[in-house]
Amino acid sequence: MSRPARLGVGVVSAGRVGAVMGAALARAGHAVVAASGVSRDSVRRAEDLLPGVPLLPPDEVVSKADLVLLALPDDALEGMVRGLAAAGTLRPGQIVVHTSGAYGVDVLQPAADHGALPLALHPVMTFTGRAEDLDRLVACSVGVTAQDGDEAAWNVGEALVVEMGSDPIRVPSSARPAYHTALAHASNHLITLVADAADLLRQSGVGTPERLLGPLLSAALDNSLRHGDRALTGPVARGDAGTVRKHLNVLRDNAPELLPSYREMARRTARRATDSGLLRGDLAPDVFQAIDEEHE
């Protein structure tokens with residue numbers, strides 16, 4: 001895979017993702033020539049991760065850059081691209097990259113119409129916007145999307161990812177909606193689930209819930225990735241309907257706001273355990289009944 005030439009990188013904007021990816025590209029030998037950022041946090045990130053890089057309005061950042069890195073919220077991306085195209089700041093030969101997981105390269109069509117090379121590079125990682133994220137970036141995969149049939153563009157995207165030390169994974173534009181849905185469902189909802197469990201432990205008088213949950217959840221995640229549904233354990237997979245009822249009673253008395261999510265996850269777990277043969281057929285009806293019955 002050929003290495004892209006040294007590029008002048010413009011970062012729009014210096015948020016948690018943009019500042020880190022800009023720093024990673026700089027570490028790979030490219031030059032960050034400008035960045036945009038007006039909030040206090042963005043200015044601080046730029047000072048920490050992009051020292052000496054001037055902070056300019058987005059159109060000026062783009063006009064200076066060979067590689068434009070658009071690290072923006074999903075809902076702001078389309079308008080920004082249209083605005084930059086209308087302002088005449090995009091030019092032939094530029095590489096225009098966005099970091100959104102939700103979009104492919106269609107959202108960059110106004111840039112492509114001006115002769116730019118559109119790419120989507122989505123790091124599959126959560127970011128804090130601090131220096132330690134550079135190490136996390138090295139350990140993560142990056143979803144790469146280019147225009148269908150443009151093998152040269154796919155190669156450029158993959159080469160940029162490899163330069164940052166990450167693992168490029170090709171994601172066709174047609175797969176982007178399901179790709180992003182799956183990742184958000186796994187990562188965002190996992191955080192909510194863990195936080196809810198920790199809160200319930202604290203409310204019950206159990207100290208340091210993180211110490212309890214850390215090893216258990218690390219092992220559960222590892223087993224799940226290695227073994228899939230065969231890693232399922234617990235009362236639902238065992239067919240222990242009585243324990244499921246006790247859990248629901250505990251939540252009714254102590255955390256009723258968790259009842260809907262517990263029920264939905266237990267129901268989904270029971271279905272997967274049944275389909276994989278873990279939950280015995282003669283026990284499954286009692287488990288589903290326990291999950292769905294209302295408290296009398």
Side-chain angles (χ1 to χ4, degrees), residues 3-74 76-77 80-81 83-84 89-91 93-101 103 105 107-108 111 116-146 153 156-168:
R3 180 191 186 282
R6 178 180 167 89
L7 299 168
V9 179
V11 180
V12 182
S13 63
R16 294 182 182 184
V17 177
V20 172
M21 290 188 69
L25 288 166
R27 186 170 62 179
H30 301 290
V32 180
V33 295
S36 68
V38 294
S39 72
R40 182 185 306 173
D41 287 341
S42 294
V43 172
R44 177 187 54 78
R45 289 189 200 100
E47 291 174 347
D48 292 343
L49 294 171
L50 305 172
V53 172
L55 293 179
L56 302 172
D59 57 335
E60 295 184 32
V61 173
V62 172
S63 67
K64 293 178 176 293
D66 305 310
L67 188 159
V68 178
L69 183 65
L70 301 175
L72 299 164
D74 294 344
L77 179 59
M80 177 63 76
V81 177
L84 293 171
T89 58
L90 297 165
R91 63 179 185 274
Q94 279 182 315
I95 302 171
V96 179
V97 174
H98 77 71
T99 63
S100 168
Y103 289 103
V105 292
V107 72
L108 298 178
L117 176 69
L119 292 172
L121 303 181
H122 172 247
V124 187
M125 180 58 62
T126 58
F127 289 90
T128 64
R130 295 191 291 268
E132 59 263 28
D133 287 345
L134 286 167
D135 294 329
R136 292 175 178 167
L137 190 62
V138 169
C140 81
S141 297
V142 174
V144 178
T145 301
V156 170
E158 290 172 331
L160 288 168
V161 171
V162 169
E163 284 192 329
M164 289 186 287
S166 304
D167 179 27

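Below, each value reflects all heavy atoms present in this structure, side chains not excepted, and no hydrogens, waters or symmetry copies.
By the side-chain contact (heavy atoms from CB on, under 4.5 Å) test, Val124 is found to be paired with His122, Tyr179, Leu183, residues two or more places apart in sequence or in another chain being considered. Here Asp66 pairs with Arg91 under the salt bridge (Lys or Arg N to Asp or Glu O under 4.0 Å) rule; sequence neighbours left out. Remark: Glu132 engages Arg130 in a salt bridge (Lys or Arg N to Asp or Glu O under 4.0 Å) (not counting sequence neighbours). For Asp41, the side chain to side chain donor-acceptor pair (under 3.5 Å) criterion is met by no residue, not counting sequence neighbours. Under the rule for a side chain to side chain donor-acceptor pair (under 3.5 Å), Arg27 has no partner lying at least two apart in sequence or in another chain.
In this structure, Ala116 and Val96 approach most closely via the heavy-atom pair CB-CG2, 3.7 Å. In terms of heavy-atom proximity, Ser166 sits nearest to Cys140 at CB-O, 3.4 Å. For the residue pair Ala34 and Val61, the shortest heavy atom distance occurs at O-CG1, 3.7 Å. Taking every heavy atom of both residues into account, Gly10 and Val33 meet most closely at N-CG2, 4.5 Å. The two residues Leu117 and Ala153 come nearest to each other via the heavy atoms CD1-CB, 3.4 Å.
In this structure, CG on Leu77 lies 6.0 Å from OG on Ser100, to the nearest 0.5 angstrom. Distance CG/Leu56 to NZ/Lys64: 6.0 Å, rounded to 0.5 Å. Put simply, OG1 on Thr145 and CG on Leu121 are 8.5 Å apart, with the number rounded to the nearest 0.5 Å. Atoms CG and CG, on Leu160 and Leu69 in that order, are 10.0 Å from each other to the nearest 0.5 Å. Interatomic distance, CG of Leu119 versus CG of Leu67, reported as 8.0 Å (0.5 Å rounding).
Checking Thr89 against Asp59 by side-chain atom types alone, no donor-acceptor pair falls below 3.5 Å.
Val12 is listed as a side-chain neighbour of Met80, based on a closest heavy-atom distance under 4.5 Å. At a threshold of 4.5 Å between non-hydrogen side-chain atoms, the residues Asp167 and Val161 do not count as touching. Looking at Val11 and Val32, their side chains come closer than 4.5 Å, going by heavy atoms from C-beta outward. Using a 4.5 Å cut-off on side-chain heavy atoms (C-beta onward), Ser13 and Leu72 make contact. Residues Val142 and Pro123 form a side-chain contact, since some pair of their non-hydrogen atoms from C-beta on lies under 4.5 Å apart. Taking the side chain as every heavy atom from C-beta outward, Val162 and Pro168 approach each other to under 4.5 Å. Within the 4.5 Å cutoff, the side chain of Val68 has no heavy atoms near those of the Val97 side chain.
Between the side chain of Arg136 and the main chain of Phe127, no donor-acceptor pair closer than 3.5 Å is present. The backbone N or O of Ala65 sits less than 3.5 Å from a side-chain atom of Gln94, completing a donor-acceptor pair. Checked by atom type and distance alone, the side chain of Asp133 never pairs as donor or acceptor with a backbone atom of Val20 at under 3.5 Å. Although no hydrogens or angles enter the test, the distance criterion places a donor-acceptor pair under 3.5 Å between the side chain of His30 and the main chain of Leu7.
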- Walk me through it: do His98 and Tyr103 pass the test side-chain contact (heavy atoms from CB on, under 4.5 Å)? CA-CA 9 Å; His98 77 71; Tyr103 289 103; 3.8 Å; yes
- Message: Applying side-chain contact (heavy atoms from CB on, under 4.5 Å) to Val62 and Leu90, what does each step give before you reach the verdict?
- Response: CA-CA 7 Å; Val62 172; Leu90 297 165; 3.7 Å; yes
Under 3.5 Å, which donor-acceptor pairs link side chains of residues 43-55 to any protein atom two or more places apart or in another chain?
none

